[in-house]
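Each ligand, and each atom within it, is numbered from 1 in the order the structure gives. The first residue of the sequence shown is numbered 1, and numbering continues consecutively from there.
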Amino acid sequence: MDFKLTEEHIMIRDAARDFAKNELLPGVIERDEKQEFPAEQVKKMGELGFLGMMASPEFGGGGMDTISYILAMEEISKIDASASVVMSVNNSLVCWGLDTYGNQEQKEKFLSKLTTGEKLGAFCLSEPEAGSDATSQRTTAIDKGDHYLLNGTKNWITNGNSADYYIVIAQTDREKKHKGINAFIVEKGVEGFEIGPKEQKMGIRGSDTHSLNFNDVKVPKENRIGEDGFGFKFAMKTLSGGRIGIAAQALGIASGAYELALDYSKQRKAFGTEICNHQAIAFKLADMYTSIEASRHLVMKAAWDKDQGGNYDLTGAMAKVYASKTAMDVTTEAVQVHGGNGYVKEYHVERLMRDAKITQIYEGTSEIQKIVISRAILKG
Ligand code: CAA
């Protein structure tokens, strides 16, 4: 494994860093406070190519590798994790899923608009009674000949109101259990599709999270992704890559908090010297840096496995579980290093601490990642 980044990788990372500093940092505190979706900024992300990074150039994508994607995710997440979850869902769950498993017509009609940011995507798997237990889908999609009839409720959907195209997972044949599940593309505005109220969240408050209701929604047959019964595999395969994106988000949140704590510790004085000169603070910085570097190696390895065409279920799960714990630990310590100021919004670290928590929950909780990891190592 070569740890050296290419010139192109460095260029992408720097472009993402500049974008985050110039476009996302101004107003990030206010958007968090008001739970305001970064609509303008997301539009710009699309124009700069950050929304369909890995998708085929034929359909407007960047044709980039996963390493490029995670480098950009880390930089955006350092500043604004609400914007980076929009980016992550659109890139890894929606664009990658359609690019890999969609047919030519679906790619022309939907993917080509999602890669450019002209349209935004959402991924709808979770339900009130099917979160971690994803095979227990209650939403049904009954085959009616030329269309499916969709009924049910989806929960905690990222981009819930701001998306245009929704990938919805639903049960077509209950007897076949997970082999009777399908994935569909549902367009916003179709009859019977209602968007529920916005969730009031602890963190990533700029991203819009909603429940969705489907009441006798007619979904054309051509909007099914893959063969009949492929929906659960589609969701699992897509989520395996998505978890690398969320691991990179966690890594970014941790590095953002660490950089703030490092700078602060070099400026703030106590007992006659900058606080970084006190071992109590210096050791915290050492621990933060070490766990961030360990996370980076795991995230890079998972991305590299994906780029090599290998299996990344295990490495992606390890990267997510470790990087998300690091994000919690490092952001909590970053608040501590800042002392009283850490508890105040203008210093950013309290927001990063609130944002970090979700990385242990969405796209598979840490407990689910441990199921994936333990099953893989026990299988040998
Ligand atoms: N790739 C391909 N197939 C996979 C797979 C993978 N990574 N993981 C499982 N499968 C297949 C299995 O092979 C099996 O198929 P076969 O019977 O044909 O072999 C089928 O899926 C069922 O698998 P299991 O028997 O292992 O199913 P299980 O009920 O034990 O659950 C689980 C497995 C890993 C726990 C799964 O339910 C899971 O990942 N749960 C978490 C769901 C999740 O991540 N939700 C996130 C919501 S999306 C989100 O958060 C997005 C957002 O907005 C930010």
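- In this structure, Asn155 contributes its side chain and Ser211 its backbone to no donor-acceptor pair below 3.5 Å.
- Ligand 1 places these atoms under 4.0 Å from at least one heavy atom of Ser240: 7 (N).
- Counting only heavy atoms of the protein, atom 10 (N) of ligand 1 lies nearest to Met236 CG, 3.9 Å.
- When Lys237, Gln369, Arg375, Gln249 are ranked by how near their heavy atoms come to atom 2 (C) of ligand 1, first place goes to Lys237.
- The closest donor-acceptor contact from the side chain of Asp208 to the backbone of Ser162 lies under 3.5 Å.
- In this structure, Lys113 fails the cation-pi test against Tyr165, since its NZ or CZ atom is not both closer than 6.0 Å to the six-membered ring centre and inside 45 degrees of the ring normal.
- Side-chain N/O atoms of Lys201 and Thr209 include a donor and acceptor closer than 3.5 Å.
- Side-chain atoms of Gln267 and Glu274 include no donor-acceptor pair closer than 3.5 Å.
- Aromatic ring centres of Phe193 and Tyr166 lie closer together than 6.0 Å.
- Closest heavy-atom approach to atom 29 (O) of ligand 1 within the set Asp313, Thr135, Leu125: this belongs to Thr135.
- Every atom of ligand 1 with a heavy atom of Lys179 under 4.0 Å away is listed here by number and element: 16 (P), 17 (O), 18 (O).
- With a heavy-atom cut-off of 4.0 Å, Val89 touches ligand 1 through its side chain alone.
- The residue among Val86, Ile157, Thr158 with a heavy atom at the shortest distance from atom 52 (C) of ligand 1 is Thr158.
- The residue from Thr6, Val299, Asp307 that alone fulfils the side chain to side chain contact (heavy atoms under 4.5 Å, CB included) condition with Ile67 is Asp307.
- For atom 32 (C) of ligand 1, no protein non-hydrogen atom is found at a distance below 4.0 Å.
- Around atom 50 (O) of ligand 1, the closest heavy atom drawn from Arg243, Lys320, Glu363 belongs to Glu363.
- Side chain of Lys44 to backbone of Glu23: no donor-acceptor contact under 3.5 angstrom is found.
- Checking Thr326 against Asp329 by side-chain atom types alone, no donor-acceptor pair falls below 3.5 Å.
- Considering backbone and side-chain N/O of Trp156, none are found under 3.5 Å from N/O of ligand 1.
- Nearest to atom 40 (N) of ligand 1 among the protein's heavy atoms is Ser132 O, 2.8 Å.
- Of the candidates Thr209, Ile181, Leu239, Leu239 brings a heavy atom nearest to atom 48 (S) of ligand 1.
- Among the atoms of Phe232, none of the N or O lies under 3.5 angstrom from an N or O of ligand 1.
- The aromatic rings of Phe234 and Tyr101 lie perpendicular to each other, with more than 60° between the two planes, well past the 30° mark.
- An N or O contact shorter than 3.5 Å is missing between Asp133 and ligand 1 by distance.
- Using a 4.0 Å heavy-atom cutoff, Ile368 is listed among the residues neighbouring ligand 1.
- Residue contacts with ligand 1 leave out Ser88, since none of its heavy atoms falls under 4.0 Å from the ligand.
- Applying the 4.0 Å criterion to heavy atoms of Gly131 picks out, from ligand 1, the atoms 42 (C).
- Contacts between Ala134 and ligand 1 below 4.0 angstrom, taking non-hydrogen atoms only, involve backbone and side chain alike.
- The closest side-chain donor-acceptor pair between Ser68 and Asp65 falls under 3.5 angstrom.
- Between the side chains of Ser84 and Ser77, at least one donor-acceptor pair of N or O atoms lies under 3.5 Å.
- At least one heavy atom of Leu93 sits closer than 4.0 Å to an atom of ligand 1.
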